[in-house]
Structures are given as C-alpha cells and as structure tokens.
Number of protein chains: 2
Amino acid sequence: MSVGRETRLSAWIERFAAHFAEEGIPLIGGRILGYLLVCQPVERTAAELSQELEASSGSISTNLKYLVNVGLVTKRTRRGRQAAEYRINEKAWTEFIQRKLTAIASVQVLTDDGMRLLSGDPERAQRLKTVDRLYGWLSEELPALWERRPASPK
Amino acid sequence: MSVGRETRLSAWIERFAAHFAEEGIPLIGGRILGYLLVCQPVERTAAELSQELEASSGSISTNLKYLVNVGLVTKRTRRGRQAAEYRINEKAWTEFIQRKLTAIASVQVLTDDGMRLLSGDPERAQRLKTVDRLYGWLSEELPALWERRPASPK
DNA sequence: GATCCCTTTCGGTCGACACTGAAGCCATCG
DNA sequence: CGATGGCTTCAGTGTCGACCGAAAGGGATC
C-alpha cells in the first residue's frame with residue numbers, strides 16, 4: 001500500500017525544517033517555511049498554520065514575526081478580514097543566501113585587523129597570512145560570483 | 001598612554017572567538033584558534049592554553065579534541081615529553097571553508113526532492129521551483145569557483 | 001458600544017549545551 | 001616499581017533559548 005502525496009510532503013517538510021534547524025532556525029520556523037513553499041492555496045493564516053503544523057499559537061506568532069522580519073515570508077492584511085495571510089516570498093531567498101555568503105567572507109575583516117597588529121613581525125604573522133589570503137580571495141570572488149547570478153524568469 | 005601589543009592581541013582574540021561563537025563554535029574553542037594563530041612560539045601545550053586563556057583544563061581538552069577532529073589544529077607528541085603540543089594547521093582552513101560552502105549548496109538536494117514530489121502539478125511547484133533554481137545554480141557555481149582557488153605559496 | 005475572533009504578548013517549563021573541577025588514567029622519570 | 005605530572009573523562013552546575021498555553025490586545029461585525 002502506497003503512501004499519499006500529502007503524507008510524503010509532510011515528511012519532506014520535516015526534513016526541510018531539520019536542515020535549517022542545524023543552521024540555527026527554530027524547528028517551527030523551518031516547518032512554516034517548508035509548508036508555505038508547497039501548500040495549496042499559497043496563503044495561510046496563523047491559525048491555519050498552528051493547526052496544520054500542530055504548534056502553539058504563540059510559537060507560530062513568534063516564528064512568523066521572525067520570518068517576516070528576515071523577509072522570507074510576507075504578511076498581507078485585507079480589508080474586512082481580521083486574519084492576516086502569510087505567504088512565501090520566493091524573491092527574498094536571494095538575499096537570504098547572499099547574507100550567508102557575505103557572512104563567510106566577513107572573516108576577512110578580522111584577519112585583516114590581525115595582520116595589522118602583527119605588522120613588523122612577518123615571521124609571527126605567517127600563520128595568519130595564510131588564512132587572510134584565503135578570506136581575501138573569498139571576499140573578492142564571492143560578491144563577483146553573486147553578480148553573475150541569473151535573473152529569475154518572470 | 002598607549003596599550004601594549006599583547007593586550008590588543010588578546011582583545012583581537014576575543015573578537016575572533018566571538019565571531020565563531022555566532023557560527024556555533026564554543027567560545028573557548030574560538031579563543032584557542034585565535035590564540036594559536038598569533039602566539040609565539042607556535043606550539044602550545046594544553047596546560048599553557050589553560051593558563052593563557054583562563055579556562056579549565058576540561059574545557060581546553062574538550063575543545064582541543066574538537067579542533068583536532070575538524071583538522072584546524074594538529075596535535076604533536078614527542079618522545080621523552082609527556083605534554084603534547086598543539087599548533088594551528090593553516091592548510092585545513094580551505095576544507096573548513098569548503099564545508100561551509102557545500103553546506104549552503106546542499107539545500108539543493110532538498111528542493112530537488114520536493115520538486116519530484118510535486119511533479120505533475122507545475123502550478124503548485126512554482127514557489128519551490130524559484131528556490132530550486134537558485135540552489136541549483138549555486139551547486140554548479142560554488143564548487144567550480146572553489147576549483148579556481150589560488151594555491152597557497154609555500 | 002458590545003461581542004466575537006484572531007493575534008500577540010508573557011510567565012513558566014523543559015531540554016540542550018558550554019563550562020567547571022575533581023577523579024581517574026597513562027606515560028615518564030627517579 | 002613507585003612517584004610525579006599532565007591529559008582526559010565525567011558528573012554537576014548554570015545559562016540560554018525554544019516551546020507552550022493562558023491572558024491581554026485590537027480589529028471587525030452586529
């Protein structure tokens with residue numbers, strides 16, 4: 001007997017959430033992300049999310065606030081409706097990833113400062129120099145690579 | 001009255017450790033890394049690190065084990081000396097960063113699986129498709145970029 | 001303006017993890 | 001072979017943050 005699509009999807013959502021949990025995003029936040037990526041229709045209220053994901057209203061509220069804040073989810077209110085609707089903002093994923101890349105390269109600022117402190121003692125600076133060169137290269141190349149990113153089709 | 005170089009260096013080490021603490025590396029682990037990058041001489045025993053960084057022997061031991069495990073620090077034992085000596089392994093930083101890059105791109109596996117689950121329903125798959133394309137591009141380009149990395153001079 | 005319903009806020013609980021310090025372990029040396 | 005000295009292991013402590021559920025807050029409708 002085969003498993004239904006929706007069942008598989010919720011397993012997928014769980015994997016999805018688990019991945020981002022390792023990156024520091026709360027489990028429930030990851031579940032919201034995964035769910036909003038594949039749900040039909042695309043918009044959901046906080047109450048619906050709470051029920052679907054079996055999470056408390058408080059947790060949903062906190063995590064939605066966070067996700068809206070980083071831009072991955074957009075909130076939409078409509079006249080005549082009390083409940084706000086939330087949906088994925090696919091476009092924001094580019095900035096989300098960009099932040100990760102720049103975070104990696106940002107170590108260069110540190111190694112650079114360190115090199116300055118050790119100026120005048122090249123022998124001692126040698127270890128740092130190796131690391132600094134790597135990060136220096138990254139902070140050149142990563143932004144450059146990012147510029148070459150293909151525009152997403154309409 | 002100016003501040004001594006060593007004082008500034010320990011402030012730098014603290015900033016260094018703080019940065020990596022945000023990435024999930026224990027504070028003391030980060031301090032060890034920063035310290036071993038700039039100390040003179042380059043090798044230190046666990047006891048010395050414990051004293052210099054004012055951390056318990058237990059914490060030093062645990063964190064050294066971790067750092068040796070990920071390759072960023074190498075342990076060296078010498079005949080006739082009980083105390084092992086630890087030093088930075090600059091070379092390992094390449095793999096350290098590479099792991100971070102591949103971790104980012106690895107989301108593509110997830111989005112890909114999701115796309116498969118939604119095959120046959122292009123409308124519903126649209127949101128995921130946008131994200132999947134981005135990660136697809138990344139998992140092409142990041143490894144390619146990495147290959148072009150300049151070899152570190154001897 | 002009163003009621004209803006949805007959301008947000010807030011105190012409280014639970015689990016995870018960094019860190020400590022003491023006890024155990026093992027190699028070195030007398 | 002015993003003593004010394006340093007590293008590792010382990011139980012215990014404290015902190016931090018995710019999560020829950022109840023109460024407060026604020027629109028929308030009557």
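So you know, we letter chains A, B, ... as the sequences are listed, proteins then strands, and number each from 1. Everything quoted here is computed from the prediction, not taken from an experiment.
Under the rule for a salt bridge (charged side-chain N to carboxylate O under 4.0 Å, His left out), A:Arg8 has no partner lying at least two apart in sequence or in another chain.
Using a 4.0 Å cut-off between charged nitrogen and carboxylate oxygen, A:Glu23 and A:Lys100 count as a salt-bridge pair. B:Arg124 and A:Glu6 are joined by a salt bridge, as a carboxylate oxygen and a charged side-chain nitrogen come within less than 4.0 angstrom of each other. Salt bridge A:Arg44/A:Glu85: absent, no basic N to carboxylate O contact under 4.0 Å. The pair B:Arg127-A:Glu43 does not meet the salt-bridge criterion, since no charged nitrogen lies less than 4.0 angstrom from a carboxylate oxygen.
Note: CD1 (A:Ile25) to C1' (D:dC19) measures 17 Å, nearest angstrom. Between B:Arg31 atom CZ and C:dC19 atom C1' the separation is 11 Å, expressed in whole Å. B:Arg76 places its CZ atom 18 Å from the P atom of D:dG6, with the value rounded to the nearest Å. Distance B:Leu27 CG to D:dT15 C1': 13 Å, rounded to the nearest Å.
Looking at the side chain of B:Pro26, the nearest of the listed nucleotides D:dC19, C:dT7, C:dA18 is C:dA18. In the set D:dT8, C:dT7, C:dT20, the nucleotide with an atom closest to the side chain of B:Ile28 is C:dT20.
OP1 and OP2 of C:dC6 both lie 4.0 Å or more from every side-chain N or O belonging to A:Lys75.
Scanning both residues, B:Val42 and B:Arg87, for their nearest heavy atoms gives O-CB, 3.8 Å.
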Identify the pairs formed between an N or O of the protein and an N or O of nucleotides 27-30 of chain C at a distance under 3.5 Å, and give each distance.
unit_1 : atom_1 : unit_2  : atom_2 : d
C:dC29 : OP1    : B:Gly80 : O      : 3.0

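With hydrogens and angles disregarded, no donor-acceptor distance shorter than 3.5 Å links the side chain of B:Ser61 to the backbone of B:Gly58.
Of the residues in residues 35-66 of chain B, those placing a heavy atom less than 4.0 Å from an atom of DNA chain D are B:Thr45, B:Ala46, B:Ala47, B:Ser57, B:Gly58, B:Ser61, B:Lys65, in numerical order.
For the residue pair B:Ser59 / B:Thr62, no side-chain donor-acceptor distance below 3.5 Å is found, with atom types taken as modelled.
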